[in-house]
Amino acid sequence: MLRVRFAPSPTGYLHIGSARTFLFNWLYVRHNHGTLILRLDDTDVERNTQQSVDSIFDGLNWLGLGWDEYYQQSQRLEIHRQMTQAIFAKGLAYRDFTAASSGDEENNREGGAWLFNPSARDMPRTESDRRAAAGEPFVIRFRVPREPVQDIRFDDAVYGPQSKSTADMEDFALMRSNGMPTYHMASCADDVDLKISHIIRGQDHTSNTFKHVLIFEALGAERPTFAHLPLLIAPDGSKLSKRKHGPAVSVTTYRDAGFLPHAYLNFICLLGWSPKDDREQMTRQELTDAFSFDGINRANATVNFTEEDPFDPKAVWLNAELIRQMPLDELSTELLPFARAAGFAAEPDKMRQVTPLIQERIRLLRDVATVADFFFIERLPPFDKSELIPQKGDAAMALAALLRASEILSTTEFNHQALDTALRAGAQDMKIKPGQMFQPIRVAVCGRKNAPPLFETLEVLGRGTCLNRIGEAIRMLS
RNA sequence: GGCGCUAUCGUCUAACGGUUAGGACAGAGCCCUCUCAAGGCUUAAAUACGGGUUCGAUUCCCGUUAGCGCUACCA
């Protein structure tokens, strides 16, 4: 039975790297028809926050992938304690009464890493028991095998055979002096108890895996298959962090900007994985069908963002592509909340009329605020009247064009074909180019030069609004 | 410092030892066109460096360099 888990720790918002780890777990388990477990690794009482738990669920729910089973580590402490006790009872772990180091000894490491405190590791069991019984605080450390030194090995499904000498491994802690299990212990205990068959996680855990292998063995449990993923890094090569890179690393930033969940998924899936056949835009089903560990790259992937623009251009492109392919009704529904958030009194009917005009002009859903504003607001924001003057024309030409347009628009039927015919005929009468006729009208009606096609725009705006705005522009020029 | 991992266009990536080193995004140019988009076409752009092995290395081996990770009673 194939069982995988995604185990975020609630110490911050849902990170883009975590989202990708979740996605890869999801794809693997759906491809192979297994069970996906969501486990909140919340044993660090000091740093966990409810806000963070909420934000993780926010992000995961937005992605819309779902999971099959849910656990919280903090409610499974008894299991962790029992398993730690079992290791201790076998003599594979020992108590260390040394006070926690303050971390100041960073500098005196020239000779190599700290491995263990001999006085603790070699302390007779009777003395250890006596001091524990006296209430003296201690941590429980794993007794890493040293005589003889051995190589710990595992076969990574992505990186291949890995090995590390126990001479380079410190006696890591399993249980803190406050009685809480460490990450290593809790994680492995739960993986054993939940019968996890594949651990798919970030490559930052590769070095930890040697410790985990030792724990699995000490527990007499079969070790799962490990698959480590390359990390996601910032353009400057450093690892993505909230403090340094801001909202660019948070999943909800993408959601709030108007990314479609699938565009985001498609994007992060391509970071460190490839179907190897040049496909990029893929549906969820196609991704599921194509996913395997073989397609995972071993080098870290850079998420390409800047201080001005927190979004990778490829993610934006993928989103724009998806927007263009969406059925209009669906897109219109998605757009509505973004229009309202921009302060527009947008009605569904109006939104539905506007949608086809902006579909291929927006890249993010929030672009509705800047691209379609003039459809929804009562009064256009002020603009420079020189905008009204067409190419190779002057203010007189603009004025004449607007006066003529005003006449035409008051009599012509308000649909884009009729408007097209009538306005072109008007331009011909005036002996000016169609473009010279259209620009003043467009600016008068939209408040700027760059806008959707003119006749459709006029149609959606309606005769009254068009005439009012053109009248306003005529006053500006007079 | 120690240990581990990694290295192809600016970015994401393809190339089971033999290719004019391919694709995509971003960039540049042209076309289309009522503006903006969208679309079409074209273009520039990479195997980190040095040694091997081989008839032949992007590909295998070694070294250098660089980056990242771990080196906590964080996860």
Side-chain angles (χ1 to χ4, degrees), chain A residues 7-11 41-44 46-47 96 98-103 106-115 137-141 156 159 162-165 167-170 172-184 186-187 202-211 228 230-231 233 235 237-239 267 270-281 297-305 312-318 320 324 357-363 371 390-391 420 423-424 427 433-439 441-443 446 448-455:
Chain A
S9 56
T11 53
D41 277 9
D42 55 352
T43 52
D44 187 357
E46 313 277 298
R47 299 202 308 155
D96 184 347
T98 317
S101 77
S102 53
E106 293 290 322
N107 318 339
N108 41 8
R109 270 211 196 129
E110 270 93 55
W114 169 88
L115 292 178
F138 58 86
V139 286
I140 295 182
R141 290 187 184 283
D156 193 283
Y159 287 87
Q162 307 288 316
S163 90
K164 182 167 186 160
S165 165
D168 296 316
M169 295 172 68
E170 79 282 5
F172 53 94
L174 300 179
M175 190 70 79
R176 298 184 257 234
S177 54
N178 65 3
M180 290 293 280
T182 61
Y183 157 74
H184 302 297
S187 176
Q203 195 232 71
D204 47 344
H205 286 294
T206 309
S207 319
N208 291 333
T209 303
F210 299 103
K211 298 172 190 168
H228 288 94
L231 265 20
I233 57 176
S238 65
K239 84 173 198 181
F267 168 66
L270 260 15
L271 255 19
W273 175 83
S274 151
K276 311 249 184 218
D277 57 9
D278 288 343
R279 279 184 298 167
E280 297 209 300
Q281 284 182 58
N297 199 254
R298 281 181 283 270
N300 292 168
T302 306
V303 182
N304 204 3
F305 59 84
D312 190 305
K314 196 138 194 177
V316 175
W317 170 74
L318 243 12
R324 279 176 223 125
L357 300 186
I358 64 171
Q359 182 171 32
E360 60 187 32
R361 292 178 173 73
I362 56 174
R363 300 182 305 164
V371 172
Q391 283 277 303
D420 188 330
L423 256 11
R424 278 182 198 278
K433 290 181 178 167
Q436 293 177 310
M437 177 86 181
F438 302 156
Q439 185 184 326
I441 304 174
R442 174 179 298 110
V443 174
C446 303
R448 59 170 170 265
K449 286 180 184 170
N450 300 339
L454 186 59
F455 313 116

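Fair warning: this is a prediction, and the values are worked out from it, not measured in the lab. Every chain is numbered from 1, with letters handed out A, B, ... down the list of sequences.
- The main-chain N or O of A/Asn304 is found under 3.5 Å from a side-chain atom of A/Asp312 such that the two form a donor-acceptor pair.
- B/C12 and B/A26: their C1' atoms are spaced 11 Å apart (whole Å).
- A/Phe210 comes within 4.0 angstrom of no nucleic acid atom, judged by non-hydrogen atoms across all strands.
- Residue-level contact check: A/Ser187 touches neither bases nor backbone, having no heavy atom under 4.0 Å from any strand.
- Closest non-hydrogen pair, A/Thr302 versus A/Pro235, comes out as CG2-CA, 3.5 Å.
- Using a 4.0 Å heavy-atom criterion, one finds that A/Asn297 contacts the sugar-phosphate atoms exclusively.
- Rounded to a whole angstrom, the distance from the P atom of B/C9 to that of B/G23 is 16 Å.
- Salt bridge status for A/Asp277 with A/Arg279: present, with a side-chain N to carboxylate O gap under 4.0 Å.
- Pairing of B/C30, defined by two Watson-Crick or G-U wobble distances under 3.5 Å, is identified with B/G40.
- Taking the C1' atoms as reference points, B/A45 lies 13 Å from B/A21, given to the whole Å.
- For the C1' atoms, the distance from B/A15 to B/G22 is 7 Å, rounded to whole Å.
- Note on A/Pro230: nothing from the nucleic acid sits closer than 4.0 angstrom, heavy atoms only.
- Residue-level contact check: A/Ala299 touches the backbone only, with heavy atoms under 4.0 Å from sugar-phosphate atoms and none from bases.
- The side chain of A/Asn450 lies closest to B/U35 when the candidates are B/C68, B/G39, B/U35.
- Within 4.0 Å (heavy atoms only), A/Arg141 reaches sugar-phosphate atoms of the nucleic acid but no base atom.
- Annotation: B/U64 and B/C70 have their P atoms spaced 24 Å apart (nearest Å).
- A/Lys449 comes within 4.0 angstrom of a base, heavy atoms only.
- A pairwise comparison of heavy atoms in A/Thr43 and A/Ala186 identifies CG2-CB, 3.9 Å as the closest pair.
- Across all strands, A/Gly202 comes closer than 4.0 Å to no nucleic acid atom at all (heavy-atom distances).
- Residue A/Gln359 is classed as having no contact, given no heavy-atom separation below 4.0 Å to the nucleic acid.
- Of all the heavy atoms in A/His228 and A/Asp156, the pair that sits closest is ND1-OD2, 2.6 Å.
- When Watson-Crick and G-U wobble pairs are counted only if both distances are under 3.5 Å, B/G10 pairs with B/C25.
- Counting non-hydrogen atoms under 4.0 angstrom, A/Thr209 reaches nothing in the nucleic acid.
- In this structure, A/Asp44 reaches the sugar-phosphate backbone alone: every heavy-atom distance under 4.0 Å involves primed, P, OP1 or OP2 atoms, never a base.
- Spacing of C1' atoms, B/C25 relative to B/A46, comes out at 16 Å, to the nearest Å.
- B/U47 and B/U6 have their C1' atoms separated by 15 Å, given to the nearest Å.
- Residue A/Arg361 is classed as a base contact, given a heavy-atom separation below 4.0 Å to a base.
- Among the heavy atoms of the strands lying under 4.0 Å from A/Ser177 is at least one base atom, whether or not backbone atoms are also near.
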Polar pairs (N or O, both sides) under 3.5 Å between protein and nucleotides 24-29 of chain B?
from  : atom 1 : to       : atom 2 : distance (Å)
B/A24 : O4'    : A/Glu280 : OE1    : 3.3
B/A24 : O2'    : A/Glu280 : OE1    : 2.2
B/A24 : N3     : A/Lys314 : NZ     : 2.7
B/C25 : O2'    : A/Lys314 : N      : 3.4

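- For the salt bridge (Lys or Arg N to Asp or Glu O under 4.0 Å) test, no residue two or more places apart in sequence or in another chain qualifies with A/Asp42.
- A gap of 8 Å separates the C1' atoms of B/C32 and B/G39, to the nearest Å.
- Within the nucleic acid shown, A/Asp168 comes within 4.0 Å of sugar-phosphate atoms alone, with no base atom in reach, counting heavy atoms only.
- Going from atom CG of A/Leu174 over to atom P of B/C74 covers 12 Å, rounded to whole Å.
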